[in-house]
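Take a look at the structure below.
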Number of protein chains: 2
Amino acid sequence: MLSNSSKYALKAVLYLAVNSTENHKILVKTLSSRINVPKAYLSKILQELSKHNLVSSTKGPKGGFYLAEENREVRLVQIVNTIDGDNRLTSCLLSLNQCNADYPCPLHDLAGKAKSNFLKNLEETTVQDLVFDIASGKSFLPL
Amino acid sequence: MLSNSSKYALKAVLYLAVNSTENHKILVKTLSSRINVPKAYLSKILQELSKHNLVSSTKGPKGGFYLAEENREVRLVQIVNTIDGDNRLTSCLLSLNQCNADYPCPLHDLAGKAKSNFLKNLEETTVQDLVFDIASGKSFLPL
DNA sequence: CTATAAATATGACTTTGGTCATGTTTAATA
DNA sequence: TATTAAACATGACCAAAGTCATATTTATAG
Ligand code: FES
Ligand code: FES
């Protein structure tokens with residue numbers, strides 16, 4: 001459903017969302033040990049996210065990664081699509097084509113509703129929304 | 001969500017369900033061209049399914065693959081689990097642990113219902129059920 | 001009983017996703 | 001302005017999924 005890489009990306013963004021601000025940046029090294037993702041690999045993922053303006057960063061001493069206000073409005077689907085590519089979530093379960101409700105495969109009804117529901121949620125939900133859930137104790141950040 | 005291999009497995013089983021009987025067996029070669037899956041690869045998948053008694057086969061001249069009556073009662077989840085392993089469908093979206101509703105990750109509610117719904121459907125639905133849908137024009141076999 | 005047609009078993013090859021290491025650029029600070 | 005601490009860029013390496021080829025076993029039919 002989601003690749004390992006986008007799981008890592010989501011964990012990293014959520015950790016930053018909860019723990020960082022513009023004047024409290026976080027080092028890759030720290031992030032790595034906190035969310036339990038290999039440092040070098042996490043680095044590559046963060047750079048990709050940074051290039052697409054989904055997270056913020058500054059170089060040099062006192063630098064690090066953080067989430068600016070704008071980054072908190074990012075929708076989850078942007079993160080997933082940036083890492084996994086666009087059609088991982090929209091392809092049909094049986095063929096490799098787009099899923100098409102007018103010409104549904106036998107599994108379409110089994111998963112179709114679930115799948116489109118999930119996709120819709122990813123499109124509608126922002127990083128900030130998830131932070132609210134965490135803050136209110138509705139969900140927990142796995143480390 | 002599903003690996004390529006299990007997509008192929010499902011397509012193959014469905015094709016057999018619709019087009020084969022005990023005295024109308026189908027060659028790998030034929031199946032391969034009909035469902036558009038590389039012959040050698042399909043072979044390997046069918047052998048795996050056969051070993052787990054999810055499809056039937058006989059060797060030698062006039063041999064081939066087919067679905068016996070018992071095979072039509074197979075549940076989709078058996079096919080997927082045989083090919084993909086057991087926990088591809090039950091793992092959490094963020095961590096690598098089992099998904100746990102009592103300690104939900106931030107994505108759990110987003111996808112959790114969808115995911116468990118899909119899983120439940122896979123567990124409840126038999127091959128035969130899908131054949132009914134195809135026969136009644138509710139769904140279509142992608143080739 | 002022999003020849004042949006099929007699945008089956010095994011393993012090698014290829015591609016892709018994931019992992020890591022090394023060097024380069026940028027910014028702070030002394 | 002020199003030093004240094006950090007992200008950034010690039011590419012090599014490894015493991016797993018997917019792909020294919022070859023040899024073996026089994027059953028039919030003549
Ligand atoms: S057509 Fe196959 S999942 Fe929608
Ligand atoms: S706990 Fe993460 S999906 Fe359920």
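Hydrogens, waters and symmetry mates are skipped; everything else that's a heavy atom, side chains included, is used. Proteins come first, then strands; the chains are lettered A, B, ... in the order of their sequence lines, and each starts at number 1.
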Give the nucleotide from the list [options] with an atom nearest to the side chain of [X].
X: B:Val28; options: C:dG18, D:dA7, C:dA7; answer: C:dA7
X: B:Tyr8; options: D:dC8, C:dA28, D:dT19; answer: D:dT19
X: A:Ala40; options: C:dA5, D:dA5, C:dC20; answer: C:dC20
X: B:Pro38; options: D:dC20, C:dT8, D:dT28; answer: D:dC20

From [atom1] of [X] over to [atom2] of [N], roughly how many Å is that when rounded to an integer?
X: B:Lys39; N: C:dT8; atom1: NZ; atom2: C1'; value: 12 Å
X: B:Leu49; N: C:dT8; atom1: CG; atom2: P; value: 10 Å
X: B:Lys25; N: C:dA5; atom1: NZ; atom2: C1'; value: 13 Å
X: A:Ile83; N: C:dT16; atom1: CD1; atom2: P; value: 18 Å
X: B:Tyr41; N: C:dA12; atom1: OH; atom2: P; value: 18 Å
X: A:Gln47; N: D:dA7; atom1: CD; atom2: P; value: 9 Å
X: A:Leu54; N: D:dC8; atom1: CG; atom2: P; value: 13 Å
X: B:Phe65; N: C:dA6; atom1: CZ; atom2: C1'; value: 9 Å

Distance-only polar pair, side chains of [X] and [Y], donor-acceptor under 3.5 Å:
X: B:Tyr41; Y: B:Ser32; answer: no
X: B:Asn71; Y: B:Ser56; answer: yes
X: A:Asp133; Y: A:Ser139; answer: no

Legend entry - Main-chain N/O of A:Gln128 paired to A:Arg72 side chain as donor or acceptor, under 3.5 Å: no
Inset, instruction - Classify the nucleic acid contact of A:Leu46 as base, sugar-phosphate or nothing, counting any heavy atom under 4.0 Å across all strands shown. - result: nothing
Below 4.0 angstrom from OP1 or OP2 of [N], is there any side-chain N or O of [X]?
X: A:Ser50; N: D:dC8; value: yes
X: B:Ser5; N: D:dG18; value: yes
X: A:Ser57; N: D:dC8; value: yes
X: A:Thr58; N: D:dA7; value: no

Legend entry - Whether over 12 other heavy atoms sit under 6.0 Å from B:Glu22 CD: no
Legend entry - Heavy-atom donor-acceptor pair, B:Lys44 side-chain to D:dT19 base, under 3.5 Å: yes
Inset, instruction - Starting from the 5' end of DNA chain D, give me the residue, B:Pro61 or B:Arg88, whose nearest nucleotide shows up first. - result: B:Arg88
